[in-house]
Amino acid sequence: MNNQFKILWIEDNDDWYKAASRKVIEFIESHSLSTNCVERKKTGKNLNLDSLKSNNYDLILMDYKLPKGSPNGDKIIENIRKNLILTDILFYSSQYDEMIESFREMVPEIDGVYLSKRDRSLFLEKVDRLISKIVQRSEDIVNLRGMVLEATSDFEEQAEKLLTKLYDSAKERKKQILDSILDKKILQHNQKEIKQKVADFEDGKLNVSIANNDFLGM
């Protein structure tokens with residue numbers, strides 16, 4: 001997500017989109033995120049699934065009943081999920097009962113799909129809650145990653161201190177043996193790297209100047 005919240009919005013009614021999108025942008029800005037990534041399409045026809053994968057949208061908003069010639073939401077979501085695109089999706093429609101019925105057979109095979117009536121206040125309430133949930137989930141992942149890195153760093157620091165103490169307390173003869181083993185391990189590691197570079201050179205993956213520079217730097 002970084003500092004952006006990316007939305008793909010499929011809606012053909014200009015007036016409805018214009019009024020609703022202003023509030024959605026306010027919701028995103030309330031989380032101190034950029035709103036420059038709200039992309040609108042008027043039809044789901046020929047929806048580029050590769051684009052959906054590469055753009056990494058945080059949320060998809062979609063009118064269930066799209067213009068004639070465009071598939072309905074149940075067909076679109078089926079294609080999206082078959083291609084392992086797991087972005088949260090909110091469908092909305094003035095024909096709510098029909099929409100519910102069309103999705104009934106797919107549930108619970110599809111997760112992260114939410115439904116709303118085409119009532120602006122109800123729709124916006126759900127959008128607000130969804131944005132908050134997605135932002136919170138992203139923040140939790142970032143915090144968890146930071147905690148893991150911090151714990152790992154602390155463990156490595158403590159292990160290094162312990163090994164240093166053990167080495168310092170060892171008798172001179174044992175230190176010599178440890179130094180010898182360490183020198184041998186370093187030499188074996190360097191030899192392994194050199195052999196790999198030679199193999200890469202023979203396979204044409206490495207040119208002569210790069211290979212020479214790397215060897216000289218060892």
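Just the heavy atoms: all of them, side chains too, but no hydrogens, waters or symmetry mates, feed the values below. Positions are given from 1, in the same order as the sequence printed here.
Residues Leu61 and Ile10 are not in side-chain contact: their nearest non-hydrogen atoms beyond the backbone lie 4.5 Å or more apart. When side chains are defined from C-beta on, Leu8 does not count as touching Val38, because their heavy atoms never get closer than 4.5 Å.
When all heavy atoms are compared, the tightest approach of Tyr57 to Ile7 is CD2-C, 3.8 Å. Contact detail for Leu59 and Phe5: the closest heavy-atom pair is CB-CE2, 3.9 Å. When every heavy atom of Arg120 is checked against every heavy atom of Ala20, the shortest pair comes out as NE-N, 4.3 Å. Smallest separation of non-hydrogen atoms from Ser116 and Met99: O-CE, 3.5 Å. Trp16 and Asn13 get closest at one heavy-atom pair: N-OD1, 2.9 Å.
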Apply salt bridge (charged side-chain N to carboxylate O under 4.0 Å, His left out) to residues Arg137 and Asp88 and explain how you reach the verdict. CA-CA 12 Å; Arg137 183 171 60 200; Asp88 286 336; 3.2 Å; yes
Step-by-step side-chain contact (heavy atoms from CB on, under 4.5 Å) determination, Phe27 to Leu124: CA-CA 9 Å; Phe27 297 152; Leu124 290 173; 4.1 Å; yes
Verdict with reasoning, Tyr114 to Ile89, per side-chain contact (heavy atoms from CB on, under 4.5 Å): CA-CA 6 Å; Tyr114 304 88; Ile89 302 175; over 6 Å; no
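In this view, Tyr92 and Trp9, Glu11 satisfy the side chain to side chain donor-acceptor pair (under 3.5 Å) rule, not counting sequence neighbours.
Taking 4.0 Å as the cut-off between side-chain N and carboxylate O, Asp14 and Arg40 count as a salt-bridged pair. Note on Asp128 versus Lys23: no salt bridge recorded, every NZ/NE/NH1/NH2 to OD/OE distance being 4.0 Å or above.
Taking a 6.0 Å sphere around NZ of Lys117, one finds it holds 12 or fewer heavy atoms contributed by other residues, nucleotides or ligands.
With values rounded to the nearest 0.5 angstrom, Gln136 atom CD is found 9.5 Å from His31 atom NE2. With rounding to the nearest 0.5 angstrom, the CG atom of Asp119 is 11.0 Å from the NZ atom of Lys126. Taking OG of Ser21 as the reference point, atom CD1 of Ile28 lies at 10.0 Å (rounded to 0.5 Å).
In the hydrophobic clustering of this structure, Leu122 does not group with Leu90; members are Ile, Leu, Val, Met, Phe, Trp, Tyr whose side-chain heavy atoms approach within less than 4.5 Å, directly or through other members.
A cation-pi arrangement is not found for Arg118 relative to Tyr96, the charged atom failing to lie both closer than 6.0 Å to the ring centre and inside a 45° cone about the ring normal.
Using a 3.5 Å distance cut-off with no hydrogens or angles, the side chains of Glu98 and Tyr64 do not pair a donor with an acceptor.
Using a distance-only test at 3.5 Å, with no hydrogens or angles considered, no donor-acceptor pair links the side chain of Lys65 to the main chain of Gln95. Side chain of Asp58 to backbone of Lys6: a donor-acceptor contact under 3.5 angstrom is found.
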